[in-house]
Amino acid sequence: MVIEYAGTVIRAVLTDKREKYYDSKGIGCYMFRIDDFDVVDATMKGNAARFINHSCEPNCYSRVINIDGRKHIVIFALRKLYRGEELTYDYKFPIEDEDNKLHCNCGTRRCRRFLN
Ligand SMILES: [Zn+2]
């Protein structure tokens with residue numbers, strides 16, 4: 001285990017409203033979707049995990065873990081990590097059409113060119 005993606009668990013239907021609010025205040029938005037129903041919002045209450053970037057060839061992975069009936073997102077190492085090495089995991093965004101594609105800048109050999 002490397003770190004928990006800490007934040008407030010909110011219902012997925014609230015994300016658009018919150019994103020718009022953060023945008024209007026110039027606050028960078030950090031959210032991690034757990035499933036169709038819940039999202040961890042790390043924007044106002046979170047930790048360093050929210051700054052971990054995506055990579056198509058990552059050194060970590062995320063898992064949703066149930067602890068006493070509560071969902072937690074935890075980042076685990078895929079292999080031995082070296083001091084000073086950047087941590088990354090695959091965001092696994094759902095595939096979207098051409099108009100909504102996000103370019104990937106991970107720069108790895110196996111880069112898929114898009115995050116979604
Ligand atoms: Zn990539």
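Read the numbers this way: they start at 1 and go in the same order the structure lists the ligands and their atoms. Only a predicted model underlies this, so the values are computations on that prediction, with no experimental measurement involved.
Applying the ring-ring contact (aromatic ring centres under 6.0 Å, His included) rule to pairs touching residues 53-76 yields His54-Tyr91, Tyr61-Phe76, sequence neighbours excluded. Among pairs with a residue in residues 96-116, those fulfilling ring-ring contact (aromatic ring centres under 6.0 Å, His included) read His103-Phe114, at least two apart in sequence or across chains.
Evaluated for a ring-ring contact (aromatic ring centres under 6.0 Å, His included) with Tyr5, the options Tyr30, Phe32, Phe51 yield exactly one hit, Phe32.
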Which donor-acceptor pairs under 3.5 Å do side chains of residues 14-23 form with protein atoms, sequence neighbours excluded?
{"unit_1": "Thr15", "atom_1": "OG1", "unit_2": "Ala12", "atom_2": "O", "d": "2.9"}
{"unit_1": "Arg18", "atom_1": "NH1", "unit_2": "Asp41", "atom_2": "OD2", "d": "2.9"}
{"unit_1": "Tyr22", "atom_1": "OH", "unit_2": "Asp41", "atom_2": "OD2", "d": "2.7"}

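A donor-acceptor distance shorter than 3.5 angstrom exists from the side chain of Asn47 to the backbone of Glu4, with no hydrogens or angles considered.
When the side chains of ILVMFWY residues are joined at heavy-atom separations under 4.5 Å, either directly or via intervening members, Met31 and Tyr89 end up in two distinct hydrophobic clusters.
Around the Zn ion (ligand 1), the protein N, O or S atoms closer than 2.8 Å are Cys56 SG, Cys104 SG, Cys106 SG, Cys111 SG, listed by chain and residue number.
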